[in-house]
Amino acid sequence: MFFFEVILVLWIMFKVVSVIVWNNSPFLRKVSLSSVFTRHKRRFPRSKWEEEKTDDGTKWTFLEHKGPVFAPPYEPLPSNVKFYYDGKELKLSEDAEEVAGFYARMLEHDYTTKSVFNTNFLTDWRKVMTPEEAKLIKDLSKCNFKEMHAYFQSVSEKNRNRSKEEKAALKAKNEEIQKEYGFCTIDGHKEKIGNFRIEPPGLFRGRGEHPKMGKLKRRVMPEDVLINCSKDSKIPKPPSGHKWREVRHDNTVTWLASWTENVQQQAKYVMLNPSSKLKGEKDWQKYETARKLHKCIDKIRENYRADWKAKEMQVRQRAVALYFIDRLALRAGNEKDDEQADTVGCCSLRVEHIQLHKEKDGKEYVVVFDFLGKDSIRYYNEVPVEKRVFKNLEIFIENKKDSDDLFDRLNTQTLNEHLKDLMPGLTAKVFRTYNASITLQKQLDELTDGDASVPEKILAYNRANRAVAILCNHQRAVPKGHSKSMEALKEKIQAKRDQIDEAEEDLQQASKAAKRGSVKEKLACDKKKKALERLKDQLKKLELQETDRDENKTIALGTSKLNYLDPRISVAWCKKHGVPIEKIYNKTQRDKFRWAIDMAGPDYVF
DNA sequence: AGCATCACTTAGGAGGCGGTTC
DNA sequence: GAACCGCCTCCTAAGTGATGCT
């Protein structure tokens, strides 16, 4: 019976903590009493039924907007810009010309060297041709797009060289559109919309070896578009002569408009900007879930380590997968069909993606991961693991082909179901958020010297950020001309050093003169001292810049900053160390994280 | 149960812009 | 005052995970 008392006490404690956490929500402060009450009711359902009834996933009660902005209509080429087939000039029909233009623009891109891209393009292009055109044009290598390509280049050149007035006029026009279509009214607040422009037609640019690359993404018409808004709002007007596919009033979703894209048959949505309350609240919740994981992570780790010895193979696989997700911040790895690029995450790893080494480079039980993850970004990592993990992996790959699933008894659904039992709201992706944020916090503690200058502190911050980006495998292409710009920087540094040497000699002379000399000479000496100090400061700055830039060349910091790092950690660090928040977050980021900037004091801990 | 669908978050690249440097 | 360069914004693809449907 003691057992039940413990459970009861724990339950009450949990409830009390929930109320405290809930009432600390930055989003609650300006909310009316009635909605607090609604929320309160939602947190304390009297029954399962009432929970379902009240926590019905309502996202808004009023939503009004002007609908999306459509891509401008096609402008035919000037008649002097010609297309040739098999050496002969050919005037294309408008539709065929437009699609040819999509290809012509990409002539210098890598895509046009890929046969999948070219085949898909030709197939789809021929579908929009007139029967005569389609009869003639059967071989892409006989197509000459060069004049079209040159024309587009000249147009963008002209655009770049627009006069000040033209640029200003264009900017004003864009702001006008932004003002009219870029905002909506949701529950009494004016909020920015994220993507209010409908995607223009073009050629599908899948990432990696995508089987659909080069296919035609056709023009979206109002007749394709679903509008979502309040019944009692001003319903957006479709462009004249057109009508919407449907107008609905679904307040259980957050999108304002949607359509289905024709290449992959995927829904696309017009949604709110990250600065909106709706998105901010969701973001805050995400970090609160991750903090909850922090509180029980030790238990969960214990739990999966124990499961490495489980009798059931499914449980063992689950435990090893979870270990990878936790320790290496791997993604869950949903199944994919073969209409997409072949990429994997943890649960979809295949035997061919790992190598087992009993010993490698002096380390025992090393697992080498080598696979393409999201966006076909390569994940390569040599990881020494516990012996038990290693032995399990040996069992998992026994009698399997390279192309077989490593975790054949496991998928993301079963994994997430298990996680839900360990902690409410826990899914595989929470581990990524958790490990990213906790890593930032630990690294900041470790790397920040309280006495250092602000630029040095910022370097420390970037290094902590970088540690997270490496953990999450956030990569980018090496910027064009990186090595060149590094050399230039090195030269600059050398020049600065020479300058300093010179200035030092100068100063020595001046100080000699000052010792015996006049007031004037003393002043001159002081001046030189200051000049030297300035030079040294500049050198330090340059050297910091050098380290920062080189360490960063293949690592993208933005993704983790935007999606994985609890902003309150960064805000607290800034406040604690006197670093202006603008040094860490730009305008967009400050808008997105306003809730955290307002909320976190210097003592916030994740 | 097993899938398809839906909604929403996470992701890197392109291209423009604005600051810096010569 | 032009060239250069890095950063920022926009864009949209590619994930995750819940829910709906058969």
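A, B, ... follow the sequence lines: proteins, then strands. Residue 1 opens every chain. Predicted model, so just to flag it, every value in this text is computed and none were measured.
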Worksheet entry | side-chain N/O Tyr564(A) vs dT9(B) OP1/OP2, d < 4.0 Å | no
Practice prompt. Please determine if Glu417(A) and Lys420(A) form a salt bridge, counting it only when a charged side-chain N lies under 4.0 Å from a carboxylate O.
Written response: no
Item to complete: Kindly indicate, with the supporting measurements, whether the criterion ring-ring contact (aromatic ring centres under 6.0 Å, His included) is fulfilled by His65(A) and Phe183(A).
Response: CA-CA 7 Å; His65(A) 59 93; Phe183(A) 293 86; over 10 Å; no
Fill in: Nearest-nucleotide 5' precedence on DNA chain B, Trp255(A) against Asn159(A)
Trp255(A)
Worksheet, complete the sentence: Separation of dA7(B) atom P from Asn251(A) atom CG, nearest Å, is 13 Å
Item to complete: Starting from the 5' end of DNA chain C, give me the residue, Asn416(A) or Leu203(A), whose nearest nucleotide shows up first.
Response: Leu203(A)
Item to complete: Starting from P on dG12(B), measure out to CD1 on Ile377(A) and report it in whole angstrom.
Response: 5 Å
Discussion item. Going by the rule side chain to side chain contact (heavy atoms under 4.5 Å, CB included), which residues pair with Glu339(A) if we only count those two or more places apart in sequence or in a different chain?
Written reply: Lys212(A), Asp337(A)
Worksheet item: Looking for any heavy atom pair under 4.0 Å, which part of the strands does Thr343(A) touch: base, sugar-phosphate only, or nothing?
Response: sugar-phosphate
Worksheet item: Counting side-chain heavy atoms from CB outward, which of dA11(B), dG18(B), dA7(B) is closest to Arg432(A)?
Response: dA11(B)
Worksheet entry | Modelled atom types, side-chain donor and acceptor of Ser560(A) and Asn465(A), under 3.5 Å | yes
Item to complete: Flag the pair Asp124(A) and Lys215(A) as a salt bridge only when some basic side-chain nitrogen lies within less than 4.0 angstrom of an acidic carboxylate oxygen.
Response: yes
Worksheet entry | Rounded interatomic separation in angstrom, taking CH2 from Trp259(A) and P from dC11(C) | 11 Å
Worksheet entry | Nucleotide nearest Thr254(A) (side chain, heavy atoms from C-beta), chosen from dC8(B), dT12(C), dC8(C) | dC8(B)
Discussion item. At 4.0 Å (heavy atoms only), tell me whether Pro274(A) reaches a base, stays on the sugar-phosphate, or touches nothing.
Written reply: nothing
Worksheet item: With a non-hydrogen cut-off below 4.0 angstrom, is Gly373(A) in contact with a base, only sugar-phosphate, or nothing?
Response: sugar-phosphate
Practice prompt. Whole angstrom is fine here: how far is it from CG in Asn273(A) over to C1' in dT12(C)?
Written response: 16 Å
Discussion item. Base, sugar-phosphate or nothing for Gln264(A)? Non-hydrogen atoms, less than 4.0 Å.
Written reply: sugar-phosphate
Practice prompt. With the side chain of Lys282(A) defined as its heavy atoms from C-beta on, choose the nearest nucleotide among dC8(C), dA14(C), dC8(B).
Written response: dC8(B)
Fill in: Under 4.0 angstrom between Lys286(A) side-chain N/O and dT10(B) OP1 or OP2
yes
Discussion item. Assess whether a salt bridge exists between Glu157(A) and Arg160(A), defined as any Lys/Arg side-chain N lying under 4.0 Å from an Asp/Glu carboxylate O.
Written reply: yes
Worksheet item: Which is true for Lys59(A) with a 4.0 Å heavy-atom rule: it touches a base, it touches only sugar-phosphate, or it touches nothing?
Response: sugar-phosphate
Worksheet entry | Electrostatic pair Arg409(A)-Glu312(A), nearest N-O below 4.0 angstrom | no
Discussion item. Whole angstroms only, please: what is the CG-C1' distance between Asn411(A) and dG15(C)?
Written reply: 16 Å
Worksheet item: So what does Lys429(A) hit on the nucleic acid, given a heavy-atom distance under 4.0 Å: a base, only sugar-phosphate, or nothing?
Response: sugar-phosphate
Worksheet item: Looking only at N and O atoms, is any donor in the side chain of Lys279(A) or the base of dT9(B) less than 3.5 Å from an acceptor on the other one?
Response: no
Item to complete: To the nearest Å, give me how far apart CG (Asn228(A)) and P (dC6(B)) are.
Response: 14 Å
Discussion item. Does a side-chain N or O of Thr412(A) approach OP1 or OP2 of dT16(C) to a distance below 4.0 Å, or not?
Written reply: no
Discussion item. If the cut-off is 4.0 Å, is His474(A) near the phosphate of dT10(B), judged by side-chain N/O to OP1 or OP2?
Written reply: no
Worksheet item: Given His149(A) and Arg105(A), is the side-chain hydrogen bond (donor to acceptor under 3.5 Å, both in side chains) satisfied, shown in steps?
Response: CA-CA 5 Å; His149(A) 177 74; Arg105(A) 279 169 214 276; over 6 Å; no
Worksheet item: Of all of residues 320-338 of chain A, which get a heavy atom below 4.0 angstrom from DNA chain C, listed by number?
Response: Arg331(A), Ala332(A), Gly333(A), Asn334(A), Lys336(A)
Worksheet item: What nucleotide, of dA14(C), dG12(B), dA7(B), holds the atom closest to the side chain of Tyr269(A)?
Response: dA7(B)
Discussion item. Tell me whether the count of non-hydrogen atoms from other residues, nucleotides or ligands lying under 6.0 Å of CD in Glu209(A) goes above 12.
Written reply: no
Practice prompt. For Leu562(A) and for Ser258(A), find the nucleotide of DNA chain B with the closest heavy atom, then tell me which residue's nucleotide is more 5'.
Written response: Ser258(A)
Worksheet item: For the side chain of Thr588(A), counting heavy atoms from C-beta on, which of dC8(C), dT12(C), dG12(B) is nearest?
Response: dC8(C)
Worksheet item: Nearest of dG12(B), dC11(C), dT10(B) to any side-chain atom of Arg197(A)?
Response: dC11(C)
Worksheet item: Contact class for Lys217(A) (heavy atom, under 4.0 Å): base, sugar-phosphate, or nothing?
Response: sugar-phosphate
Worksheet item: Among dA14(C), dG17(C), dA13(C), which is the nearest nucleotide to the side chain of His210(A)?
Response: dA14(C)
Item to complete: Assign Gln475(A) to base, sugar-phosphate, or nothing according to its heavy-atom contacts below 4.0 angstrom with the strands shown.
Response: sugar-phosphate
Discussion item. Can you tell me which nucleotide in dC8(B), dA14(B), dG12(B) comes closest to the side chain of Arg205(A)?
Written reply: dA14(B)
Worksheet item: Rounded to whole angstrom units, what separation is found between the CD atom of Gln266(A) and the P atom of dC6(B)?
Response: 12 Å
Worksheet entry | Distance in angstrom units between Leu415(A) CG and dT16(C) P, rounded | 11 Å
Worksheet item: dA14(C), dG13(B), dG12(B): which one has an atom nearest the side-chain heavy atoms of Ala477(A)?
Response: dG13(B)
Discussion item. Whether Arg248(A) and Asp250(A) form a salt bridge (side-chain N of Lys/Arg under 4.0 Å from carboxylate O of Asp/Glu) is what I want to check.
Written reply: no
Discussion item. Which is more 5' along DNA chain C, the nucleotide nearest Ala428(A) or the one nearest Gly206(A)? Just name the residue.
Written reply: Gly206(A)
